[in-house]
Protein chains: 2
Amino acid sequence: MAKTAGRPPRSESDIAEYRSKIAKQALAIYRAEGFDAVSMRRLAKEVGCAPMTIYAHFEGKHDILRYLWADVLADMSSEIQGKLERIDAPAERLQMAAQTFVSYWVDHPDHFRLVFMSNDVTRSDVSTFVMDEETLAHFQMFSDLVQDILQNESNVKASTDTLISGMIGIALCLNTIRDYPWTDVKMMTDRLLRSTISPVYTAP
Amino acid sequence: MAKTAGRPPRSESDIAEYRSKIAKQALAIYRAEGFDAVSMRRLAKEVGCAPMTIYAHFEGKHDILRYLWADVLADMSSEIQGKLERIDAPAERLQMAAQTFVSYWVDHPDHFRLVFMSNDVTRSDVSTFVMDEETLAHFQMFSDLVQDILQNESNVKASTDTLISGMIGIALCLNTIRDYPWTDVKMMTDRLLRSTISPVYTAP
DNA sequence: CATTAATATAGAACGCGTGCTAAATAAAAT
DNA sequence: ATTTTATTTAGCACGCGTTCTATATTAATG
């Protein structure tokens, strides 16, 4: 198999470097000016390439935004970890984590939009919006907290999934349907916990 | 107070008529071709007015989309009612309603996006996205179903709100984070119910 | 009539995401 | 140096939501 003539494809490291360069700049813009400020044209200008070049490295805008998730999720995760430091009792830990989780998304609508609402629902393309392992880890944390309370393995995943989606739902409702007189966020979160971990969980 | 000269403001009925004419056409487009097909320019063309005229009657696109909610919610509501017809036991009724509710949004991503994700989260403008009474009624239904099970009045609203936001959260997660291996939808919904109505609810 | 105020209009503009094409450039083999 | 191939580029295009301005048009008053 002789090497073909012509310019060889970019090395994988080059590709990764370019991608991360773009993603990094996108993050900088997002951090400084929020969701709406991140546009393909501007991003290209700040990266120093033509707008079309970005499309050679990413599927589209959604594919770039995905890289901002990690930053937001890490921020959220660290906020939760901070609150958890001085708490030992498993039930209280889960409770604090859940309350902090919901509060985070309610208090940061832009972050919520980025992670949970910037998906192009139209596309059923499976390859878009992959949850990489790093991203998953931040949700896994809840699984651990639940596990400390529930022993039954099979229930842990179901409970955790329900808890997470339920919490995200609370945040979504608070973010989008603002004028409906929702029950106090803490109370809703608490109620959600109660049902998720019903057998063992005791209300504070 | 003498009447001022010049053309008088449009009568309220005229304004309402024009608004409903635009909203009606928007609904027609949405029904026929879905979310993405509804655009201001096209809507204006089909209504037979200039694009700018619409902005004299609506705050913006989000203000128009709001009018499509009613249609979708009515559709969802009737689907639930249909399923409820032959069920008498309160717990089973609530269970069926919840399952149908979640399934509806999971099966109709476009509808979900319209109602729960087309909000401009950036705006903290309270006047945008008002839940009118007709719209609220469709959610009120769940309050009634919960009431049939729980007697404590104060718990009914908290339980219902938690249930609704939780169900919406399940739908959101299924719609947006597709590649995460979520627990079976029915199971999550069931688990959500269990915690919401924990004291009385019995698993099937 | 003319005047006046409310409304509707056309038309341009801005920036957006994204696709297409044709030209330029870069890096290898010959 | 020339050829060959990969990549990037510029530039145009489409339709989008939205804002602005200037120009009708409409319906009341005097």
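Chain naming here is simple, since letters A, B, ... match the order of the sequence lines and numbering starts at 1 in each.
Of the residues in residues 38-58 of chain B, those placing a heavy atom less than 4.0 Å from an atom of DNA chain D are B/Val38, B/Ser39, B/Met40, B/Arg41, B/Met52, B/Tyr55, in numerical order.
B/Glu59 has its CD atom 15 Å from the C1' atom of D/dT19, to the nearest Å. Following rounding to the nearest Å, A/Asp36 (CG) and C/dG17 (P) show an atom-to-atom distance of 10 Å. Rounded to an integer number of Å, the gap from CZ of A/Phe35 to C1' of C/dG17 is 12 Å. In this structure, A/Ile22 places its CD1 atom 14 Å from P of C/dG17, rounding to the nearest Å. If you take CZ of A/Arg19 and P of D/dT7, they are 14 Å apart, rounded to a whole angstrom.
The six-membered or imidazole ring of B/Phe101 lies away from that of B/His138, with a centre-to-centre distance of 6.0 Å or more. B/Phe58 and B/Tyr67 have their aromatic ring centers within a separation under 6.0 angstrom.
Using a 4.0 Å cut-off between charged nitrogen and carboxylate oxygen, A/Arg93 and A/Asp144 do not count as a salt-bridge pair. Taking a cutoff of 4.0 Å between a charged side-chain nitrogen and a carboxylate oxygen, B/Asp190 and B/Lys186 do not qualify as a salt bridge.
In summary, the side chains of B/Asp75 and B/Tyr104 do present a donor paired with an acceptor at a separation below 3.5 Å, with no hydrogens or angles considered.
Ring-plane geometry between B/Tyr30 and B/His111 is classed as tilted, the angle between the planes lying from 30 to 60 degrees on a 0 to 90 degree scale.
Each of B/Tyr18 and A/Ala37 lies near DNA chain C, and the nucleotide nearest B/Tyr18 is the one positioned closer to the 5' end.
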